[in-house]
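Below is one structure, written out as structure tokens; the observations come after it.
Numbering starts at 1 and runs along the sequence shown. Counting convention: from 1, in listed order, for ligands and their atoms alike.
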Amino acid sequence: MADCLFCKIIAGEIPSKKVYEDEYCYAFEDIAPVAPVHVLFVPKKHISSAAELDGENSAVVAKIYEAIARVAAEMKLDGGWRVVTNCGPDAGQTVLHLHFHLIGGRPLGVMVSEK
Ligand code: 5GP
Ligand code: ZN
């Protein structure tokens, strides 16, 4: 997608701090971390959001979760970690390329704190 921030990051047109890469996904440090570990995992093929997942493209989600588990283990997040995917405006999705936030490195508290 020509105008997609994360497609540009995957292509190397915008710099990022790479954490992990394989044929399906790219992972990099979030520019505004909310915890000691905050890594974004994105499919290399553009998918706008979780709402676009279907039988044709959803296999990449399993691959990404495998990658997340490997990275979490490598980063020794032994106390636990959280994966978040925001979908759509009510959830606060700001970048319209499917992504999974891996957050950890401190106790994370409740998942939804505001009404
Ligand atoms: P969302 O709000 O869509 O769930 O998450 C988008 C995430 O992308 C945010 O956590 C934000 O900090 C991160 N982000 C936005 N622009 C950039 C960027 O240019 N580089 C990096 N590394 N992260 C970004
Ligand atoms: Zn994209």
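Ligand 1 lies within reach of Gly92, whose nearest heavy atom is under 4.0 Å from it. Not a single heavy atom of Lys17 sits closer than 4.0 Å to an atom of ligand 1.
Closest heavy-atom approach to atom 7 (C) of ligand 1 within the set Asp30, Leu98, Asn86, Thr85: this belongs to Asp30.
Aromatic ring orientation, His38 versus His101: tilted (interplanar angle from 30° to 60°).
Near Phe28, with a cut-off below 4.0 Å to any heavy atom, the atoms of ligand 1 are 21 (C), 22 (N). Against a heavy-atom cut-off of under 4.0 Å, Val95 is close to the following atoms of ligand 1: 3 (O), 6 (C). In summary, the atoms of ligand 1 found under 4.0 Å from a heavy atom of Gln93, numbered by their order in the structure, are 3 (O). In the vicinity of Thr94, heavy-atom distances shorter than 4.0 Å reach the ligand 1 atoms 1 (P), 2 (O), 3 (O), 5 (O), 6 (C).
Taking atom 14 (N) of ligand 1 as the reference point, the nearest protein heavy-atom neighbour is Ile31 CG2, 3.8 Å. The shortest contact between atom 22 (N) of ligand 1 and any protein heavy atom is with Glu29 O, 2.9 Å. Of all protein heavy atoms, the one closest to atom 5 (O) of ligand 1 is His99 NE2, 3.0 Å.
The side chain of Leu5, and not its backbone, has at least one atom closer than 4.0 Å to an atom of ligand 1 (non-hydrogen atoms only; side chain from C-beta on). The side chain of Ile9, and not its backbone, has at least one atom closer than 4.0 Å to an atom of ligand 1 (non-hydrogen atoms only; side chain from C-beta on). Residue-level proximity to ligand 1 for Leu40 is carried by the side chain, the only part with a heavy atom below 4.0 angstrom.
An N or O contact shorter than 3.5 Å is missing between Ile14 and ligand 1 by distance.
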Derivation and outcome, salt bridge (Lys or Arg N to Asp or Glu O under 4.0 Å), residues Lys44 and Glu21: CA-CA 9 Å; Lys44 285 188 169 173; Glu21 182 174 17; 2.9 Å; yes
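Taking the six-membered ring for Trp and the full ring otherwise, Tyr65 and Phe100 have centroids separated by under 6.0 Å.
For Cys7 atom SG and His46 atom ND1, the angle they make at the Zn ion (ligand 2) is roughly 110°, to 10 degrees.
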